[in-house]
Amino acid sequence: MSNTPSRVGSGGPGGGAPGGVGPGVGHAAVQLKGGAAILAPVSSFPNGVPGNALVLLPINAAGTPVEKKIVDGPVALQMDEVWKLQDEQGRPIAIGLEDLLGGLEKHWNDAPDDLGRGRIFAQELMKYGRHEKAEKVLAKVVALGGDGEDWLGLGVSQLAQKRLDKAEATLRGAQNLLKDSPFPSLHLAKLMKEKGDRKAERECVERAIQIDNNSVDAWAYLANSIKESLGEEEMVKQVEALANAPVNAKCGAPFIALQGFYASPEQKDEKARERAVAFAKLAVERAPGDPLALLCLSALYGQGGKVDEVVKLLAPHEALMLRDVRVAHNYFEALFQLRDISKVTALLNKLATSQVREVKQFAIDRSRAVSQMLAQQQQQLAAAAKPA
């Protein structure tokens with residue numbers, strides 16, 4: 001690998017919650033989500049660069065077409081394109097994928113008994129769909145005494161290759177080792193679906209829910225499985241019935257899963273959004289201190305322009321914000337949109353005392369952005385007050 005420092009860096013912790021609370025702190029601000037990278041000029045972020053941004057420094061003539069594109073606004077770049085960009089000396093601004101994987105493989109080969117190195121290598125291989133290679137790496141890790149998570153990763157890599165018999169045996173081994181985790185059972189459910197055994201699929205996902213009835217992943221899988229087989233209304237009926245069982249009575253996860261279905265981009269009509277809000281409210285009623293329930297409902301309020309409702313919902317949970325940057329983000333955005341600077345300042349001062357690094361960094365970044373905005377406003381007022 002090159003010794004040249006990478007020219008792409010993370011701007012800090014990802015502060016976005018599902019859907020955000022609205023258009024951002026500035027009406028023209030760009031909201032960043034996962035998937036592809038968004039290349040945008042700094043002017044797209046009038047109130048400070050978001051915490052989950054990637055920063056690209058100016059590039060040479062090889063990137064001229066990209067520079068011309070961003071004159072018209074933000075540009076979506078797939079990671080393959082990002083890895084091709086160069087700096088003014090013609091050096092890559094980001095390490096290439098093959099260099100990355102090659103470096104990780106060499107790092108592991110230098111100490112093949114170091115399971116941590118093998119796990120990191122396998123994780124990156126799976127991230128980029130190199131499941132055959134990942135299987136070989138994880139098989140060695142398991143053979144060297146790997147734990148239940150290693151068994152689970154091995155089973156997932158085998159399932160991705162549709163090596164169903166091997167994957168089933170491996171995932172059942174992971175299930176025995178990870179008795180408190182719903183994920184081996186969830187992956188076994190996917191495997192049973194691949195085999196065409198919907199009865200066994202349902203048994204596996206219900207076992208996942210029994211293991212952790214607060215697993216949104218498990219409830220979402222169940223909901224989607226029922227919808228595929230029996231339709232939308234039956235999905236709601238069966239999920240609600242299981243959610244109302246005494247053992248699940250204080251669990252918000254089933255309704256978080258249902259609101260996620262109706263809040264998805266595919267559901268574009270107003271009735272779907274209303275159902276999403278109704279289910280999100282049920283989740284909060286059942287589990288008023290659940291961060292994810294609060295995030296979902298506040299995001300839906302924000303998307304509907306009900307910023308006052310976001311503040312009303314989240315104001316009692318400032319203690320939670322000291323531990324969860326996502327809740328802090330939505331509350332900050334709502335207060336900022338209302339231009340309640342005194343409450344914004346008080347919130348950021350409180351968040352700055354957090355022992356959680358992401359929360360503390362969020363407070364620092366947003367404090368800087370607020371200070372810059374206020375300074376610009378003072379300059380504008382001073383300029384306007386000068387006699388012509």
Can you confirm whether Leu314 sits close enough to Leu320 that some side-chain heavy atom of one is under 4.5 Å from a side-chain heavy atom of the other?
no

Glu232 backbone acceptor or donor facing Lys227 side chain under 3.5 Å
no

Identify whether the distance between the nearest side-chain nitrogen and carboxylate oxygen of Lys195 and Asp165 falls below 4.0 Å.
yes

Is Val216 reachable from Tyr221 through a run of hydrophobic residues whose side-chain heavy atoms are each under 4.5 Å from the next?
no

Could you go step by step and tell me if Asp147 and Leu177 meet the side-chain contact (heavy atoms from CB on, under 4.5 Å) rule?
CA-CA 8 Å; Asp147 59 19; Leu177 292 168; over 6 Å; no

When you compare the side chain of Leu178 with that of Phe183, does any pair of heavy atoms fall below 4.5 Å?
no

I want to check something: taking the side chain as every heavy atom from C-beta on, are Arg202 and Ser225 in contact at a cut-off of under 4.5 Å?
no

For Asn248 and Cys251, indicate whether the former's side chain and the latter's backbone hold a donor-acceptor pair under 3.5 Å.
no

Output the distance between atom CD (Glu105) and atom CZ (Arg117), rounded to the nearest 0.5 Å.
13.5 Å

Drop me the distance from Cys296's SG to Leu258's CG, to the nearest 0.5 angstrom.
11.5 Å

So which heavy atom on Ala276 is nearest to which on Ala263, and how close?
CB-N, 3.8 Å

Answer yes or no: does atom CG of Asn244 have more than 12 heavy-atom neighbours from other residues, nucleotides or ligands under 6.0 Å?
yes

Using the rule that two of Ile, Leu, Val, Met, Phe, Trp, Tyr join whenever any of their side-chain heavy atoms come within less than 4.5 Å, decide whether Leu125 and Tyr128 are in one cluster.
yes

Phe279-Tyr301 co-clustered via ILVMFWY side chain contacts under 4.5 Å
no

For Lys193, is there an ion pair with Glu228 - N to carboxylate O distance below 4.0 angstrom?
yes

Within the side chain of Glu124, is there an N or O that forms a donor-acceptor pair under 3.5 Å with the backbone of Ile120?
no

Following the transitive rule for hydrophobic clusters with a side-chain heavy-atom cut-off under 4.5 Å over Ile, Leu, Val, Met, Phe, Trp and Tyr, establish whether Val284 and Leu282 coincide in one cluster.
no

Any side-chain heavy-atom pair from Leu171 and Leu152 closer than 4.5 angstrom?
yes

Any salt bridge between Arg273 and Glu270, counting N to O under 4.0 Å?
yes

I'd like to know if Lys106 pairs up with Asp110 as an ion pair, taking the criterion as any Lys NZ or Arg NE/NH1/NH2 lying under 4.0 Å from an Asp or Glu carboxylate oxygen.
yes

So, Lys199 and Glu203, do they make that salt bridge, N to O below 4.0 Å?
yes

On a heavy-atom basis, which atom in Met321 and which in Val327 lie closest, and how many Å separate them?
CG-CG1, 3.8 Å

I need the Glu234 CD to Ser229 OG distance, nearest 0.5 Å.
10.5 Å

Are Val310 and Tyr331 packed together at the side-chain level, in the sense that at least one heavy-atom pair is separated by less than 4.5 angstrom?
no

Minimum heavy-atom distance between Asp324 and Pro291, given as atom pair plus value
OD2-CB, 3.4 Å

Taking every heavy atom of Pro112 against every heavy atom of Leu144, the minimum-distance pair comes out as O-CD1, 3.5 Å

Can you confirm whether Ile211 sits close enough to Ser181 that some side-chain heavy atom of one is under 4.5 Å from a side-chain heavy atom of the other?
no

Would you give the length of the straight line joining atom CZ of Phe121 to atom NZ of Lys136, rounded to the nearest 0.5 angstrom?
11.0 Å

Any salt bridge between Glu358 and Arg326, counting N to O under 4.0 Å?
no

salt_bridge(Arg119, Glu149) N-O dist < 4.0 Å:
no

Quick check: closest heavy atoms across Ala352 and Ala363, and the distance to 0.1 Å?
N-CB, 3.7 Å

Donor-acceptor pair between Asn213 and Ser215 side chains, under 3.5 angstrom:
no

With Met192, which of His187, Glu201, Arg198 fulfils side-chain contact (heavy atoms from CB on, under 4.5 Å)?
Glu201

Quick check: are there more than 12 heavy atoms from other residues, nucleotides or ligands sitting under 6.0 Å from CD of Glu132?
no

Should Arg323 and Val359 count as side-chain neighbours, where that means a heavy-atom distance under 4.5 Å?
no

Do Glu233 and Arg275 sit within salt-bridge range, that is, some charged N less than 4.0 Å from a carboxylate O?
yes

Going through the distances and angles, do Trp151 and Gln175 end up as a side-chain contact (heavy atoms from CB on, under 4.5 Å)?
CA-CA 9 Å; Trp151 279 76; Gln175 197 174 53; over 6 Å; no

Exam field: side chain Lys360 to backbone Arg357, donor-acceptor pair closer than 3.5 Å
no

Contact check, side chains of Leu230 and Gln238, non-hydrogen atoms, under 4.5 Å:
yes

Mind checking whether Leu154 and Trp108 sit in one hydrophobic cluster, side chains of I, L, V, M, F, W, Y counted as touching below 4.5 Å?
no

Counting only N and O atoms by type, is there a donor-acceptor contact under 3.5 Å from the side chain of Thr170 to the main-chain atoms of Gly155?
no

What are the two closest non-hydrogen atoms of Asp197 and Ala200, and how far apart are they?
OD1-N, 3.0 Å

Supply the atom-to-atom distance Leu292 CG to Leu297 CG, rounded to the nearest 0.5 angstrom.
11.5 Å

Do Gln361 and Arg366 get their side chains close enough for a donor-acceptor pair, meaning under 3.5 Å?
no

For the pair Arg130 and Glu135, find out whether any cationic side-chain nitrogen is under 4.0 Å from an anionic carboxylate oxygen.
no

Salt-bridge present (Glu168, Arg172; N to O < 4.0 Å)
yes

Between Asp217 and Leu186, is the side-chain contact (heavy atoms from CB on, under 4.5 Å) condition met? List the steps.
CA-CA 8 Å; Asp217 288 323; Leu186 276 181; 4.0 Å; yes

Taking atom CH2 of Trp219 and atom CG of Leu242, what is their separation to the nearest 0.5 Å?
3.5 Å

Can Tyr262 and Glu274 be said to form a side-chain contact (heavy atoms from CB on, under 4.5 Å), step by step?
CA-CA 8 Å; Tyr262 287 102; Glu274 289 174 359; over 6 Å; no

